[in-house]
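Working notes, structure below.
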Amino acid sequence: MNAPAAPQSEDELAALIDKAVSDRAPLSIVGGRTRGSIGGRGNGAPLSTRALTGITLYEPAEMVISARAGTPLAEIESALATKGQMLPFEPMDHRALLGTTGTPTIGAIAAGNISGPRRVSIGAARDHLIGVRLVNGYGDIIKSGGRVMKNVTGLDLVKLSAGAFGTLGVLTEVTFKVLPRPETAMTLSLDGLSAQNAVSAMAEALATPFEISAAAHVSANASAPSLTFLRLEGFSESCTYRAERLSKHLDNFGTLRLLEIDEGTALWQRIRDAEDFAGSDFATVLRVHVAPSKAGAIVDIAHANKASIMLDWGGGLIWLGLAQGADASETIQRISEAGGHPMIVKSAVVTLPVLTPASPAIAALARKVKHAFDPHGIFNPGLLAGHI
Amino acid sequence: MSAIAFPAPDNTIIVRRDEIIAGLARLVEPECLVTGDDEMRPFETDALTAYRRMPLAVVLPRSTQEVSAVLRYCHDAGVNVIPRGAGTSLAGGAIPQEDAVVIGISKLNKVLDFNIANRTITVEAGITNLAVSAAVAPEGFFYAPDPSSQLACTIGGNIGMNSGGAHCLKYGVTSNNVLGVKVVLIDGTIIDLGGDAMDVPGLNLLGLMIGSEGQLGIVTEAILRIIPTAEGARPVLFGFDSSEDAGACVAAIIAAGIVPVAMEFMDKPAIEICEAFAKAGYPLDVEAMLIIEVEGSEAEIDASLARIVAIARQHGVRVVKESKSAIETAQIWKGRKSAFGATGRVADYICMDGTIPTGQLPYVLKRMSEIVAGYGLRVANVFHAGDGNLHPLILFNANDPTEQAKAESAGNDILKLCVEVGGCLTGEHGVGIEKRDLMGVQFNAADLNQQLRVRAAFDADWRLNPAKVFPLEGRTS
């Protein structure tokens with residue numbers, strides 16, 4: 001396969017898109033190529049943002065950072081770390097799960113609305129995305145939002161771009177609101193809970209004023225019992241106080257065990273990156289977005305299909321790993337019927353739709369919105385299938 | 001004396017008024033249809049009272065199905081529609097026109113579901129912002145966005161304008177606190193966007209709907225995220241000899257890794273006006289004041305405040321006054337939240353809403369004083385210092401038509417300044433009619449055309465809130 005086109009500037013990118021529009025030649029937009037086919041399988045000529053790099057603005061006192069889309073995530077995170085700040089939504093790194101190489105880019109984090117464990121408390125990538133520049137399917141360079149966190153000037157094309165997987169245009173520059181890195185983090189574990197009880201325990205913890213920053217449940221397997229984790233972050237005296245209060249509050253679920261700091265750090269990375277689902281044991285890996293009150297039903301479906309599970313976001317995100325030979329299609333259908341929103345992250349069966357289709361009325365509207373950006377269907381044909 | 005133009009009303013619609021009213025009367029109960037001049041008077045303007053237009057009729061539906069029937073009727077009959085929450089828009093977002101039907105959502109005010117396990121509440125969109133917090137307070141929760149008009153303003157209006165408030169520095173604005181909405185499109189189609197789960201996959205039409213100012217559809221229900229109420233909260237007043245010192249203190253607090261739940265700024269004129277009204281104990285001998293609120297247990301509050309006070313001392317703070325009781329806390333916030341009302345008692349005013357990068361605060365404060373003084377007027381400043389969302393109140397005498405024109409010109413100059421320093425025209429009030437003609441200052445033709453095409457995907461015939469948000473010139477259909 002030829003190396004993808006990798007324009008060096010926004011203008012060069014716009015010119016390239018202009019040509020693709022005149023030729024009616026579809027493009028598949030790629031960043032660091034770490035996410036494989038999440039969002040769907042595109043079938044256009046690859047177009048990479050990897051040469052559009054560099055932090056264009058960073059004002060720590062204003063908690064805002066802007067960078068060109070191809071800037072490696074690691075570069076952003078290290079710049080933020082020098083000022084004691086971070087991307088609040090803790091974006092997932094897909095490389096371990098999917099066995100990919102390459103470098104995650106900040107533009108792809110925005111395009112995929114990629115969030116991690118802290119999403120349950122502080123919001124998703126899209127909640128922190130405050131500005132974008134993109135090239136649409138007319139070859140026009142468009143901006144929306146900006147560098148200030150309160151902005152209702154015009155239609156919010158920023159939020160619309162987040163999670164659109166590049167189907168509306170090619171992001172060239174993104175601006176995120178950032179936050180101070182917490183002084184310390186404390187991870188507490190409840191051992192041996194069933195997934196159902198874990199959902200209840202996490203819901204109780206998240207309903208307290210003790211500012212749980214993350215809540216996850218790792219189910220039992222042959223080598224380890226099930227564990228339910230709660231994370232507190234902030235000033236150390238405050239974390240200690242909140243941990244004590246939380247222990248009393250949750251004592252009907254068992255005793256809260258405090259993890260060592262390093263152990264906690266490694267654990268949350270493992271949960272963030274769904275590392276337990278890496279490797280060849282799982283032919284299909286799904287992520288299911290669901291209301292925590294319906295998580296129990298999804299867990300039952302998983303168990304009935306002998307799937308491995310992990311819960312994040314207090315039960316609002318459920319990872320499912322299905323072994324070779326399990327009926328993924330039937331599992332997906334039952335999850336949808338139970339009120340879950342499944343998305344295929346990894347699959348041996350390429351014919352399965354990545355997402356359950358949207359209702360006809362919403363799909364019709366979404367197609368009109370797509371058409372408003374990309375009238376000739378140049379960008380990422382095949383992605384978000386059933387939705388646009 | 002109106003500087004902002006309205007499109008000429010369509011007489012072919014106005015002559016059909018009786019027929020249209022008869023058509024609407026078939027869809028809703030008689031008490032839900034308002035057609036008399038006296039009864040329609042409250043609907044002829046919103047909080048931008050300098051502009052008013054009597055609508056063709058007002059409909060107050062009692063269900064999503066009725067909203068759908070009314071919209072479908074208006075769509076088929078070719079009648080424009082003005083969605084309305086409580087009519088508290090400062091930007092003229094709910095001002096009607098003579099040829100348009102107002103659809104008010106005030107009768108849609110029920111709580112439909114409160115789910116503690118999901119930390120969500122499902123409400124009809126006409127419920128007031130404060131009623132949502134009141135409904136969940138007994139279980140220890142609150143709804144985070146808290147615009148100053150929260151006693152009156154509706155969730156539907158908040159969604160339309162993506163409202164913020166004093167506490168969004170920590171908890172975000174409306175779009176960060178809505179999981180799903182039920183929307184009626186112009187042709188009457190009812191759709192559910194988002195849902196009860198976080199980040200439902202698919203194109204984020206939910207995010208597009210929030211802040212769309214009634215241009216894309218009418219929201220009739222919403223699933224809102226609610227947050228556990230902190231164990232305690234304490235505001236502290238910090239008085240400074242200059243606005244520059246106060247601004248530098250705000251930047252230093254954030255740089256130290258502290259994000260208080262609120263950081264509000266007032267200058268001397270605003271302090272005097274609000275203190276006279278609320279008797280909140282504001283210091284009167286300072287040039288600028290910050291209200292900084294922190295949350296947590298008593299010990300956590302003490303610890304956070306110790307850090308903040310130490311930073312303030314490094315920036316020359318002259319007065320530090322902690323709230324000592326719940327009553328004092330309530331008075332401190334009453335003073336801030338009644339800033340607009342209190343100002344209205346001493347003068348007429350227009351309230352601007354631009355946002356700027358906070359690093360530009362000293363420069364912008366200085367330039368704003370110069371701009372307003374250049375028109376021979378006065379300005380009082382209250383704003384959300386943590387996020388740079390300014391609310392300069394330009395004081396004038398409405399009985400003097402030249403003063404109103406000057407105030408509007410000064411306001412426009414200030415908003416252009418906000419864009420020039422890297423900010424935007426509106427942080428939380430919306431564009432409405434007020435800033436419609438300034439959109440070209442912030443956006444170029446390609447930006448605006450993209451927004452217009454998206455708008456057309458929802459409402460190709462410009463039926464919904466048609467004279468708002470986008471400049472009247474350059475519209476395609």
Side-chain angles (χ1 to χ4, degrees), chain A residues 59-63 84 113 115 119 123-124 126-127 136 140-144 146-157 159-160 162-164 179-180 183 203 206-209 235 237-238 241 289-293 313 316 341 343 355 358 361-362 365-366 368-369 372-373 384 387-388, chain B residues 115-119 161-162 164 172-173 175-176 189 191 196-205 207-208 210-212 228-231 251 254-255 257 259 296-297 299-300 303 355 357-359 387-389 422-428 430-431 439 442-443 446-447 450-451 453-455 457:
Chain A
E59 290 288 350
E62 293 171 12
M63 300 192 290
N113 187 29
S115 314
R119 192 275 169 255
R126 69 164 58 125
D127 290 303
N136 66 13
D140 295 337
I141 299 166
I142 299 296
K143 64 176 181 298
S144 181
R147 60 178 281 197
V148 291
M149 61 184 83
K150 272 169 86 178
N151 184 350
V152 287
T153 322
L155 294 179
D156 195 344
L157 307 185
K159 295 283 184 286
L160 181 64
L179 278 180
E183 192 173 274
L206 287 161
T208 68
F235 300 128
E237 61 268 39
S238 162
Y241 164 79
H289 295 231
V290 66
S293 61
W313 302 356
H341 302 273
M343 177 187 235
L355 294 172
I362 293 177
L365 187 58
K368 285 202 256 179
V369 172
F373 281 86
L384 293 184
H387 284 255
I388 56 171
Chain B
N115 190 316
I116 294 180
N118 295 343
R119 297 174 303 289
M161 296 307 195
N162 194 13
V173 294
S175 82
N176 310 120
T189 306
I191 57 172
D196 57 5
M198 288 175 271
D199 309 329
V200 172
L203 203 61
N204 187 18
L205 299 178
L208 177 64
I210 298 171
S212 62
T229 308
E231 286 184 277
I254 288 170
V259 182
S297 67
E300 287 175 296
T355 305
T358 51
D387 52 35
N389 186 195
C424 65
L425 297 172
T426 171
E428 58 184 358
V431 176
M439 287 288 275
Q442 184 168 338
F443 296 111
D447 301 334
Q450 184 59 69
Q451 293 185 36
R453 282 194 300 270
V454 171
R455 193 200 182 287

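Keep in mind that the numbers below use all heavy atoms, side chains included, and drop hydrogens, waters and symmetry copies. Reminder, nothing fancy here: chain letters follow the sequence lines and each chain counts from 1.
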For V290(A), is it the side chain, the backbone, both, or neither that has a heavy atom closer than 4.5 Å to a heavy atom of chain B?
backbone
Under a 4.5 Å heavy-atom cut-off, does chain B meet the side chain of T153(A), its backbone, both or neither?
both
Engaged part of F373(A) at the chain B interface, taking heavy atoms whose separation is under 4.5 Å
both
Counting only heavy atoms closer than 4.5 Å, note whether M198(B) contacts chain A via side chain, backbone, both or neither.
both
With no hydrogens and no angle check, do the side chains of Q450(B) and D140(A) hold a donor and an acceptor under 3.5 Å apart?
no
Contact origin within N115(B) toward chain A - heavy atom pairs under 4.5 Å:
side chain
Any donor-acceptor pair under 3.5 Å linking the side chain of N118(B) with the backbone of S293(A)?
yes
For A251(B), which atoms come within 4.5 Å of any heavy atom of chain A: side chain, backbone, both, or neither?
both
Contact origin within T189(B) toward chain A - heavy atom pairs under 4.5 Å
side chain
Quick check for you: to the nearest 0.5 Å, what is the distance between D447(B) atom CG and N136(A) atom CG?
10.0 Å
L179(A) portion near chain B, given a 4.5 angstrom heavy-atom threshold:
side chain
For E59(A), which atoms come within 4.5 Å of any heavy atom of chain B: side chain, backbone, both, or neither?
neither
Going by atom types only, do T355(B) and N151(A) share a side-chain donor-acceptor pair under 3.5 Å?
no
V454(B), part contacting chain A, at a heavy-atom distance under 4.5 Å
both
Contact class of H289(A) relative to chain B, heavy atoms under 4.5 angstrom:
both
Please look at I388(A) and chain B and tell me whether the side chain, the backbone, both or neither of the residue comes under 4.5 angstrom of a heavy atom of that chain.
side chain
Atom group of A207(A) that falls short of 4.5 Å from chain B, counting heavy atoms
both
Do D199(B) and R126(A) make a side-chain contact, defined as non-hydrogen atoms from C-beta onward lying under 4.5 Å apart?
yes
